[in-house]
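These notes concern the structure reproduced below.
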Amino acid sequence: MKYLCLVYGDETLMHSLPESPVDDECHAYGNSVADSGRLVAAEALESVATALTVRVRQGSHTVTEGPFAETHEQLLGFYLVEARDLNEAVTIASGIPAARVGSVEVRPVRELQLSESPESADAVTANS
Amino acid sequence: MPQQLSIDMEVLYRQHSRRVLASLVRRLRDFDLAEEAMHEAFAIALVKWPQQGLPDHPTAWLVTTGYRRAIDRLRRQARFDHSPDPLEDGLEAELVDADRAIEDDELRLIFTCCHPELAFASRLALTLREVCSLTTEEIARAFLLKPTAVAQRIVRAKARLRDRQVAFEAPEASELAERLEAVLHVIYLMFTEGYSATSGETATRAELSSEAIRLGRRVCELIADAECLGLLALMLLQESRRGARTAGDGQLVLLVDQDRQQWDLPLIREGQRCLSRALEMGEVGAFTLQAAIASEHARAVSAEQTRWDRIASLYDVLVDVSPTPVVKLNRAVAISMHQGAEAGMMLIDELLESGSLDNYHRLHVARAEMHHRLGQRQLAADAWHRALALASQPRERELLQRRIDEISQG
């Protein structure tokens, strides 16, 4: 099973608290999850000030500056992991150094329910 | 291309993970750290074993490797958060000496998971995950709970054991008795999960049952207790029917239809010896009574020659000792075999009126069989369909579907 661990926190405080992790520690933890063979991907994100939000409505798209919603805590990074079960994902999440100052949301990845006819799969590819 | 051994890591994981985890939990005194260490050990094995071949003692190899990785991890952590060096903290590396010591670690882990500090539901969830290696999601399905609720229960149980600094050791003789009941319960749960899995493609997970029997034997060596012997007898007698219980194509075969030649005689004999020893000790508990019932089945040369009168009176005693709805249901079936379907049906109706087991598919299977014997075809068909709607295990569903097909044709 794949689980996405979403790391949230107040980005203005994230790096200045006494418990704040340094980048070396984050990197070392990412490596240790990778060494155990369970890391699909993990990245830290630039500040929400750098975000653009894209929407497509009735065929026309708009791009606005900033995150999709202003929140007290922001998405700071993520780990996509392959774990045996929910508790294993929780254990991996609780080792993420940023969990000491922020929050980590653990979400099971949903398998997409694909239609079985091969034609429709081709149609999607052709349109993309 | 270099010569590579083809090693099925999934099979090795199934064979070794439970013992490796149990051993690491005792050595590291922390479930999460132990789980992480085990993963690293398997990840290393995945690379090394295909090149270097299987080590002589794979379990010991995995434990030692995992243990070293955990120490490395603790040291890395200490560098960042300035906690004391784990080795100076008294967590000294020890080499794994014997496989026997590792086997006992599993027993210690069960006793730890059954710690009186934990609520009963937490003991079960923790044991099923840590000892039987079911996933959080499988446990949630088995108990009809949300996975998030089970995950929290497990996290809290582990935290509680850690906070109370529970020793991951087998308890002292004086503490054994208070935990024994829960331990026996959990061993039986492990056995039944292996005997009739609540989910998954195959109806049985044989390795869980044989682990449960091995643990049952160990507990009997440690403690002179009638119920413990009774439990071992029960497991052995049920296990003796494993081969006859599924047909070549994996389909389930009911007790009455089983080929009794396929029953495992040495297991039956050992089970009956354990049962006699349990009965000699005087006090007769629920496991011993269930073993006595299983022994009656084992003794019958054919389904027709089953002594239903004896089985029914054993159920009369069992229902006094353990008046659970499932025991009452089984008693109803035994009485229907001894006194006739009408007598059984009255008891089933009582159960249904009390509201318990209305959603238990086996109750509707029993009803269907009794209606069938009474010639009430439509009522029987309705009950079969109700049972099918409630059953979740794929092999059981196949069996029910076959019965429905047979009846609609005949």
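Not measured: the values here are computed from a predicted model. Within every chain, numbering begins at 1; the chains are lettered A, B, ... in the order of the sequence lines, protein sequences first and strands thereafter.
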Quick one: do B/Gln152 and A/Val90 satisfy side chain to side chain contact (heavy atoms under 4.5 Å, CB included)? Show the steps, please.
CA-CA 9 Å; B/Gln152 264 185 311; A/Val90 167; over 6 Å; no
Starting from the C-alpha separation in whole Å, work towards a yes-or-no answer on side chain to side chain contact (heavy atoms under 4.5 Å, CB included) for A/Asp35 and B/Arg69.
CA-CA 11 Å; A/Asp35 286 347; B/Arg69 295 306 289 233; 4.1 Å; yes
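Looking at heavy atoms from C-beta onward, B/Glu36 lies in side-chain contact with A/Arg38 at the 4.5 angstrom threshold.
For A/Glu88, the parts lying under 4.5 angstrom from a heavy atom of chain B are both the backbone and the side chain. The parts of B/Arg129 that come within reach of chain A are both its backbone and its side chain, each placing non-hydrogen atoms under 4.5 angstrom from that chain. Residue A/Val33 does not touch chain B at all, counting heavy-atom pairs closer than 4.5 Å.
Within 6.0 Å of the CG atom in B/Asp163, the count of heavy atoms belonging to other residues, nucleotides or ligands exceeds 12. Atom CD of B/Glu117 is surrounded by more than 12 heavy atoms from other residues, nucleotides or ligands within 6.0 Å. Within 6.0 Å of the CZ atom in A/Arg107, the count of heavy atoms belonging to other residues, nucleotides or ligands does not exceed 12.
To the nearest 0.5 Å, atom CG of residue A/Asn87 and atom CD1 of residue B/Ile139 are 7.5 Å apart. A distance of 10.0 Å separates OG of A/Ser36 from CD1 of B/Ile44, quoted to the nearest 0.5 Å. Of the inter-residue distances, the one linking A/Thr91 atom OG1 with B/His39 atom NE2 reads 8.5 Å to the nearest 0.5 angstrom.
With chain A as partner, the option from B/Val155, B/Ile154, B/Thr135 having the largest number of non-hydrogen pairs under 4.5 angstrom is B/Thr135.
In this structure, a donor-acceptor pair under 3.5 Å is present between the side chains of B/Thr136 and A/Asp85.
For A/Arg84 and B/Glu137, the salt-bridge test fails: no basic side-chain N is under 4.0 Å from an acidic carboxylate O.
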